[in-house]
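Presented below is the structure to which this report refers.
Since this is a predicted model, take the numbers as computed values, not measurements.
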Protein chains: 2
Amino acid sequence: MSDTPAARSSAARGGARSTDLPPDMRRTSQRRAILQALDEAAGPLTPHQLLERAAAIQGSLGLATVYRNLATLEEAGEIVAVHLPNETRRYELAGRGHHHHFRCDQCEGVFELATTCPVAVLEGVTLPGGYEVRGHALTLYGVCPRCRDA
Amino acid sequence: MSDTPAARSSAARGGARSTDLPPDMRRTSQRRAILQALDEAAGPLTPHQLLERAAAIQGSLGLATVYRNLATLEEAGEIVAVHLPNETRRYELAGRGHHHHFRCDQCEGVFELATTCPVAVLEGVTLPGGYEVRGHALTLYGVCPRCRDA
DNA sequence: TTGAGAATGAGAGTGCGTTCTCAACAAGCC
DNA sequence: GGCTTGTTGAGAACGCACTCTCATTCTCAA
């Protein structure tokens with residue numbers, strides 16, 4: 001647990017990020033648990049994963065609370081939604097810069113990658129056919145280290 | 001209509017591809033209309049788009065027929081499903097080789113790209129962290145030529 | 001031409017992610 | 001401590017993509 005991407009990213013930001021809430025937002029235990037779960041994750045989480053992990057931190061909480069807080073926190077710019085092909089929406093903490101995700105074919109987990117983006121070269125380019133590129137979505141698939149070693 | 005990607009791809013394959021059905025599959029007018037609609041499209045289509053376009057070719061047909069044929073044709077290897085982030089499943093004719101898609105932010109259309117793949121370099125590579133890459137999904141976003149000129 | 005059975009169409013049904021409702025609770029200002 | 005009001009939890013409700021049902025129609029081998 002000491003060198004997971006989550007542990008590293010948490011350390012890089014100085015730890016107790018989960019208390020950084022906009023001033024007009026009440027600091028409830030549920031909200032803090034949701035942010036803590038996102039902070040400790042190695043990649044973006046689905047609402048159901050978040051429900052599970054936040055419940056492990058906080059006691060128990062309702063699915064409606066998770067959805068409500070995701071909407072509120074996204075609007076406040078604290079978190080961002082992550083869409084992967086053929087997957088339900090996931091969420092991760094905002095402010096992590098441009099990065100992509102890796103999805104393990106075996107455990108179906110999604111992880112944040114630190115690899116430099118191979119698609120950046122196309123940004124702003126007009127492709128043959130006249131398509132003006134303004135953004136991209138890249139997901140890598142394969143086997144995560146945990147599943148390979150298992 | 002004479003130089004769309006669809007027209008070009010159709011011409012490249014010699015035209016009346018839509019009659020190439022597996023021998024154990026009955027050649028109904030609905031089935032032919034579905035394949036013709038896919039053949040004439042500039043990119044993958046959703047079941048509803050397909051319903052609309054096949055109906056324009058054939059008269060009218062039911063949504064269940066579209067879904068049933070998509071499943072049958074996919075199983076037969078005639079078509080492939082295309083998953084884009086935050087979009088419902090789309091379908092395109094099989095055998096078009098490795099390519100990616102461009103989604104227009106304005107008209108929300110999805111187009112097939114002929115651009116060489118910038119991610120191929122990562123195929124088979126093990127990334128820092130131990131992630132073994134075995135595949136990828138890339139979608140480019142921006143403005144299509146039609147919307148830019150409009 | 002005919003008959004078996006594959007395919008169709010319309011609409012009801014299903015599954016799943018997400019949102020709404022409303023009474024009870026709790027954060028935070030006075 | 002008391003009060004205001006934002007927040008919560010449980011479950012019903014919703015929306016949408018997709019599948020099933022079944023009577024009818026159509027394809028195609030014999």
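- Within a 6.0 Å radius of CD in E74(B), more than 12 heavy atoms belonging to other residues, nucleotides or ligands are found.
- Less than 6.0 angstrom separates the ring centroid of H98(B) from the ring centroid of H136(B).
- At a threshold of 4.5 Å between side-chain heavy atoms, the hydrophobic network of Ile, Leu, Val, Met, Phe, Trp and Tyr places I57(B) and V66(B) in two separate groups.
- Annotation: E123(A), atom CD; neighbour count of heavy atoms from other residues, nucleotides and ligands within 6.0 Å is above 12.
- Within the helix from dT1(C)-dA30(D) to dC30(C)-dG1(D), the inter-axis angle between the opening and closing five-pair segments is 40°, rounded to 10°.
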In sequence, state the C-alpha distance, the side-chain angles, and the governing distance for E132(A) and T126(A), and then conclude on side chain to side chain donor-acceptor pair (under 3.5 Å).
-> CA-CA 4 Å; E132(A) 277 187 26; T126(A) 297; 4.6 Å; no
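- A distance-only check finds no donor-acceptor pair linking the side chain of H83(A) to the backbone of A81(A) [under 3.5 Å].
- Taking CG of L122(B) as the start and OG1 of T115(A) as the end, the distance is 7.0 Å to the nearest 0.5 Å.
- R146(B) pairs by the salt bridge (charged side-chain N to carboxylate O under 4.0 Å, His left out) definition with nothing, not counting sequence neighbours.
- Listed by residue number, there are no residues of residues 50-58 of chain B with a heavy-atom contact under 4.0 Å to DNA chain D.
- For the atom pair CG of L38(A) and CZ of R53(A), the computed distance is 9.5 Å after rounding to the nearest 0.5 Å.
- In terms of modelled atom types and a separation under 3.5 Å, the side chain of Q49(A) and the main chain of T46(A) share a donor-acceptor contact.
- Checked for salt-bridge contact, R103(B) and E87(B) meet the test: a charged N lies under 4.0 Å from a carboxylate O.
- The CG atom of D105(B) sits 8.5 Å away from atom OH of Y141(B), with the distance rounded to the nearest 0.5 Å.
- Taking the 5' to 3' direction, DNA chain D first and last meets chain B under 4.0 angstrom from a heavy atom at dA17(D) to dC28(D).
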I'd like a list of close polar pairs between nucleotides 12-18 of chain C and the protein, N/O only, cut-off under 3.5 Å.
residue : atom : partner : partner atom : Å
dT18(C) : OP2  : Y67(A)  : OH           : 2.5
dT18(C) : O5'  : Y67(A)  : OH           : 3.4

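- Remark: the backbone N or O of L61(A) is not paired with any side-chain donor or acceptor of T65(A) at under 3.5 angstrom.
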Using a 4.0 Å cut-off on protein heavy atoms (strictly under), produce a 5'-to-3' string for nucleotides 25-30 of chain C with B for base contact, S for backbone-only sugar-phosphate contact, and - for none.
-> -BBS--
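- E92(A) has no carboxylate O lying under 4.0 Å from a charged side-chain N of R90(A), or vice versa, which leaves the two without a salt bridge.
- Between Y131(B) and F111(A), the distance separating the two ring centers is shorter than 6.0 angstrom.
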